[in-house]
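Since this is a predicted model, take the numbers as computed values, not measurements. In what follows, every chain begins at residue 1, and chains take the letters A, B, ... in the order their sequences are listed.
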Number of protein chains: 2
Amino acid sequence: MGRTSTAKDRLIAAMIELIWTGSYGSTSVDQICERAGVKKGSFYHFFESKTELAVTSIDHGWTEHRKELDQIFSPVVPPVERILNCFRNFRQEQEDLFKKHGRVLGCPIHSLGAEVSTVDERLRDKLQEILGQFIRYYESAIRDAQAQGSIVTHDAMALARIVFAYSEGLLLHARMWNDLSRLDEFESGAKIILGVKT
Amino acid sequence: MGRTSTAKDRLIAAMIELIWTGSYGSTSVDQICERAGVKKGSFYHFFESKTELAVTSIDHGWTEHRKELDQIFSPVVPPVERILNCFRNFRQEQEDLFKKHGRVLGCPIHSLGAEVSTVDERLRDKLQEILGQFIRYYESAIRDAQAQGSIVTHDAMALARIVFAYSEGLLLHARMWNDLSRLDEFESGAKIILGVKT
DNA sequence: CAGAACTAGACGATCAGTCAACTATTTTAC
DNA sequence: GTAAAATAGTTGACTGATCGTCTAGTTCTG
């Protein structure tokens, strides 16, 4: 069946990194190929377009990240603790990225979303899908907290959306100011929004 | 002193619109020129680069928007009401843009910030400057509310940052889902964060 | 050796940016 | 008052780099 190759995976890894450290628009196919050590011809053998590689890459990254989230949001963990741990995980992740790239990179889904959602339909749909899944983690944790009495609300979904919007906004600020310390207030902010005691 | 021209203003207007409806990366100099009815040679007569036009445009837009904000955040208005009115103003603005462009466009400062902050230093500095000014409106309103007793907090600045991050996150979601109704919960969300009674 | 997996490099289009020639308007000089 | 000079704006052809894409051909594997 012909030869085998790791080129596809290398392209995906390169794409994720370049989008995260830069932007979709600032990332050229040549650049992706160079970083992946793949010739341009091979690129279009594996992917039909730059958009398709982006969709595949984002999907791939999300699948990986979900494994982590499934552990963080395990029903075994107290519900409020799940959300706080998620935020701590964000902070840790950004710290690792900072060490690696010398920059706070924020959330690639949102940076990409802000950039392409009016321009690239296919990419936007994928990002919507992922964010729609992400918020369910918050939602179910809040519902559990509600049942348990640690959070008082009449609309768990609405509260989840607030927490979600807040976390994105904060990650974006950390990226814009290249400042990890902006993420330190994640926890206190979440507690204020969720109305839990310190 | 030679002839006069409105070309510069037309370029600024075109740039703002194109960035808002698309992105910085998806906006080409040719496109800007075409929309402004200006030849490329004239473009570089007025601006030394695409980045410089972006900086000038963003600055111009912010100067305009500030006039509105100064009214919304007038000390004459009850402090909590200022913030809620600001959010109502966001919602109204997005509604107008939707009628005009058929899309929810969100906040151009943040969309741009997410896109270029790791790539274009000059642009990033300008965006930082503007956001740094914006948050002062929230901060001073919250401080006034605190003095007046309608908001209880020990750190007005921190609370302002939460409100700010939340509003940005929500605007981004409205853009990504092209859904105005996402902005309906602005008010209730703000009340939850600020801890004011309904 | 059949056929799938992969590569090389050329494609036309478009990118940001340059430039010298040209036109229109105001200022200055007399 | 008017002509010359200085200023400001306009034009379109041009650069070299890079864009995303594609086709024809090579290399490897079953």
Side-chain angles (χ1 to χ4, degrees), chain A residues 1-19 21-58 60 112 115-124 126, chain B residues 1-19 21-58 60 112 115-124 126:
Chain A
M1 287 238 175
R3 44 182 164 166
T4 56
S5 161
T6 60
K8 194 168 179 175
D9 294 327
R10 296 204 309 275
L11 285 168
I12 289 174
M15 187 60 158
I16 290 178
E17 198 174 312
L18 287 168
I19 285 181
T21 56
S23 69
Y24 182 75
S26 73
T27 300
S28 74
V29 175
D30 283 332
Q31 226 177 336
I32 300 162
C33 289
E34 196 193 334
R35 170 149 331 201
V38 165
K39 290 289 142 63
K40 223 173 178 178
S42 297
F43 180 103
Y44 286 95
H45 168 71
F46 291 109
F47 301 98
E48 69 175 18
S49 69
K50 185 180 159 189
T51 292
E52 207 220 312
L53 169 59
V55 170
T56 304
S57 300
I58 290 295
H60 183 270
L112 240 190
E115 182 182 353
V116 306
S117 56
T118 60
V119 168
D120 192 315
E121 204 175 319
R122 215 156 117 46
L123 211 35
R124 184 194 60 214
K126 173 53 74 179
Chain B
M1 288 237 173
R3 45 176 163 170
T4 56
S5 161
T6 61
K8 194 169 179 177
D9 294 326
R10 296 203 310 273
L11 285 169
I12 289 173
M15 186 59 158
I16 291 178
E17 200 175 310
L18 287 169
I19 285 181
T21 55
S23 69
Y24 182 74
S26 73
T27 300
S28 73
V29 175
D30 284 331
Q31 222 178 337
I32 299 161
C33 288
E34 197 192 333
R35 169 150 330 202
V38 166
K39 294 286 146 62
K40 220 186 192 160
S42 294
F43 180 104
Y44 286 96
H45 171 71
F46 291 108
F47 301 99
E48 69 175 17
S49 68
K50 184 181 159 188
T51 292
E52 207 219 312
L53 169 59
V55 170
T56 305
S57 299
I58 290 295
H60 183 270
L112 240 190
E115 182 181 353
V116 306
S117 57
T118 59
V119 168
D120 191 316
E121 204 175 317
R122 215 155 119 45
L123 211 35
R124 184 194 60 216
K126 172 53 73 178

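Judged as a salt bridge (Lys or Arg N to Asp or Glu O under 4.0 Å), the pairs with a partner in residues 37-50 of chain A (not counting sequence neighbours) are, in order, A:Asp30-A:Lys40. Among residue pairs with one or both ends in residues 5-19 of chain B, those qualifying as salt bridge (Lys or Arg N to Asp or Glu O under 4.0 Å) are B:Glu17-B:Arg35; sequence neighbours excluded.
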side-chain contact (heavy atoms from CB on, under 4.5 Å) between B:Phe47 and B:Ile12, worked out: CA-CA 10 Å; B:Phe47 301 99; B:Ile12 289 173; 4.1 Å; yes
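Taking all atoms of both residues into account, the shortest heavy-atom contact from A:Ala7 to A:Val38 is CB-CG2, 3.7 Å. Of all heavy-atom pairs spanning B:Phe46 and B:Ser5, the tightest one is CZ-OG, 4.1 Å. Taking each heavy atom of B:Val119 and A:Gly22 in turn, the nearest pair found is CG2-CA, 3.8 Å.
Closest approach to the B:Lys50 side chain among D:dT10, C:dG17, D:dT21 is made by C:dG17 (side chain taken as heavy atoms from C-beta onward).
Residue B:Glu48 contributes atom CD, which lies 14 Å from atom P of C:dC19 at whole-angstrom precision. Rounding to whole angstrom units, CZ of residue A:Phe46 and P of D:dG20 are separated by 19 Å. Following rounding to the nearest Å, B:Glu34 (CD) and C:dT14 (C1') show an atom-to-atom distance of 13 Å. Taking atom CZ on B:Phe47 and atom P on C:dA16, their separation rounds to 15 Å, with Å as the unit. Across the protein-nucleic acid pair, B:Lys8 atom NZ and D:dG9 atom P stand 9 Å apart, rounded to whole Å.
Not a single side-chain hydrogen bond (donor to acceptor under 3.5 Å, both in side chains) links B:Ser117 to another residue, sequence neighbours left out. Listed by chain and number, the residues in a side-chain hydrogen bond (donor to acceptor under 3.5 Å, both in side chains) with A:Thr51 are A:Tyr24, A:Asp120 (sequence neighbours excluded).
The stretch residues 22-30 of chain B touches DNA chain C through B:Thr27, B:Ser28, B:Val29, B:Asp30, each having a heavy atom within less than 4.0 Å of the strand. Interface residues of residues 36-45 of chain A facing DNA chain D, ordered by number: A:Lys40, A:Gly41, A:Tyr44; criterion, heavy-atom separation under 4.0 Å.
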